[in-house]
Amino acid sequence: MKIQVLFGTESGNAEMAAEDLALSVRSDDQEVEVHDLSDFSISELQHDALYVFICSTYGEGDLPNTALPFFADLNIVRPDLAWVRYAIFGLGDTFYSETYSQGATKLADKLNELGAERVGEFGRYDASSWEPVGEKAVEWFSGVLEAAAQMQ
Amino acid sequence: MDSVVSIAIVGSGPAGCYVAQSLRRALPESEITIYDRLASPFGLVRYGVAPDHQSTKSIQAQFARLFERENVRFAGNITVGSDVSLDELRSTHNIVVLASGLSEDRVVGVPGEDLPEVHRAGRLTRVFNAHPMEPVGVPDFGGAVAVIGGGNVSIDVLRLLIKRPEDFANSDVDDTALGQYAQAPVRRVEFICRSTVANAPSDPVMLAELGRIPGVAFTCSDPVAVPEDATRQASARAKALEGLLELAPGPQTRVQVALHFGWSPVRILGADHVEGVELRSVEDDREHRRVATDSVVTAVGFDFDRHNWHGLGELSRNLETGALDRGLYRTGWIKRGSRGTIAENRACAKAVAEEILADLPALDPAPRPGYDGLPEDVRARAVDYAAWRRVDLAEASAAAHGRARKKFPSHDHMVAIAHDTLAGPSGAGNH
């Protein structure tokens, strides 16, 4: 199973988490690719991959600008994603209590609506915690891999 | 250009760090040095973001990676313009990117602005952040202060002024400044925003945060509601303001905040001392309003520091391009002006990096030595990242209870710790 990490970022923190995650997965001899959502088209989605979305929140609980074209394509093309399995890790800041981590939630809701199946827990990271975001993502992803193994 | 490209970035704040990231990714073999006049990296993150907004400062962890893992050199304690000239930097590096930000507070441009009780937001934020080049301390604001400007910096100032010392838990506020201010905190703030609520530049969550400070009574004699078809941000702002106005601390009130939206300052009143501010309605210029205050803080953006702009004269006003000259670029606020969040510098840096990459083939192909080509006395004074980490650790261990760190207010002291030349028991015997 190939792992495709797709990040949507405004400040670069989600990219940093994506790179850390990929590094840790690679050291386990897993095949992994990292893409910026702004460079990734929905036509590139493949059957045999696990998609790992790492996505922040911007403005009033919106997706980061770099993720907007991908999100817009999901809305316009409305592809059938019944064959897509994904995991998702949202970055936010509880300081922004009302919109905390809403960007990732919006993306996940859309993926679910189009039939995709989420694997593992919805990961959430809070910038106010000052914990290393990469470590939290790696920790979260080990749970995702366990859940994925149980599904097979 | 096939040889190793040497790159100098001037300024280690968000603009400089983001452009280093982009250039490192595109040019893995390049030699990149980020110069800073201070011994500490991260610029605005450390000294411009308010000390009680630690989660905003957490972006530092991302920038630190440049120096820790991505082979970008930090050369602090080097002022371009005095320790090394811009020409010297350009002749030793293939590419120079200016990312030194805007640190000079912009003036409002109204009569009375030169009165002694008119203070500047950027300077005040640096004082509360223990900036080593702001030694003057916290001014005496008297009982009532007008804060002119409606953006997030203005709200930072308002928040710093209405918080009690105990509201700074887990911050890295300068306790000397805080102690000075606590001697005579203001009892009334007139917050003056030129825009109406719908068009104000403030982040709604910054307004809502003010409501969590105990003992503050907010009033507003201007309409707060926004039209039905207003943007989501405008509606969120109106809602945040309504929340503030509903608070009623009653006898617990320590400080009153009068909010003005849609009012432009016409003049600062008073002959020898500030006595107030005269305002004019932006919707009807026949309508005037006077507020009585003892002092003023302006927070209307930032401009070039006339003493620190690298001898370039008037920089190009063409905001479309980062290129200033052959091999010379700019990014961040000195390209775009003082607006936008920290994250907006990332997209800006990416665009400038792309410009640089496109120009590379046409640049002088001769290799330039980069940092190693600078005179020895310049390199001797440099604070590299390992040296900065000594300061970083010393600050963390000097932190008082309830503080994230204690930032050292003396630059000489920082440099001495960095170079491990501190006199006295802790520095002696190491050589």
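- For residues 17-37 of chain A, heavy-atom neighbours of chain B at less than 4.5 Å comprise Glu19(A), Asp20(A), Asp36(A), sorted by residue number.
- With salt bridges taken as basic N to acidic carboxylate O contacts below 4.0 Å, one links Arg25(B) and Glu15(A).
- Of the two parts of Thr66(A), only the side chain, counted from C-beta on, holds a non-hydrogen atom closer than 4.5 Å to a non-hydrogen atom of chain B.
- Only the side chain of Arg69(B) comes within less than 4.5 Å of a heavy atom of chain A; its backbone N, CA, C and O stay farther away.
- Put simply, of Gln21(B), Met206(B), Gln233(B), the one with the most heavy-atom pairs under 4.5 Å next to chain A is Gln233(B).
- Counting non-hydrogen atoms of other residues, nucleotides and ligands closer than 6.0 Å to NZ of Lys106(A) gives a total above 12.
- More than 12 heavy atoms of other residues, nucleotides or ligands sit less than 6.0 Å from atom CD of Glu70(B).
- Here the closest non-hydrogen pair linking Gly12(A) and Tyr18(B) is N-OH, 4.5 Å.
- Most heavy-atom pairs under 4.5 Å with chain B: of the set Asn65(A), Thr99(A), Asp93(A), this distinction falls to Asp93(A).
- Using a 4.5 Å cut-off between heavy atoms, Asp203(B) touches chain A through its side chain atoms alone.
- Residue Asn13(A) touches chain B through both its backbone and its side chain, counting heavy-atom pairs closer than 4.5 Å.
- The line from CD of Gln54(B) to OG of Ser129(A) is 13.0 Å long, rounded to the nearest 0.5 Å.
- Within the 4.5 Å cutoff, no side-chain heavy atoms of Arg346(B) are placed close to those of Glu10(A).
- Other residues, nucleotides and ligands place more than 12 heavy atoms under 6.0 Å from the CD atom of Glu166(B).
- Asp126(A) does not touch chain B: none of its heavy atoms, backbone or side chain, sits under 4.5 Å away.
- Of all residues in residues 56-64 of chain B, those placing a non-hydrogen atom less than 4.5 angstrom from a non-hydrogen atom of chain A are Lys57(B), Ser58(B), Ile59(B), Ala61(B), Gln62(B).
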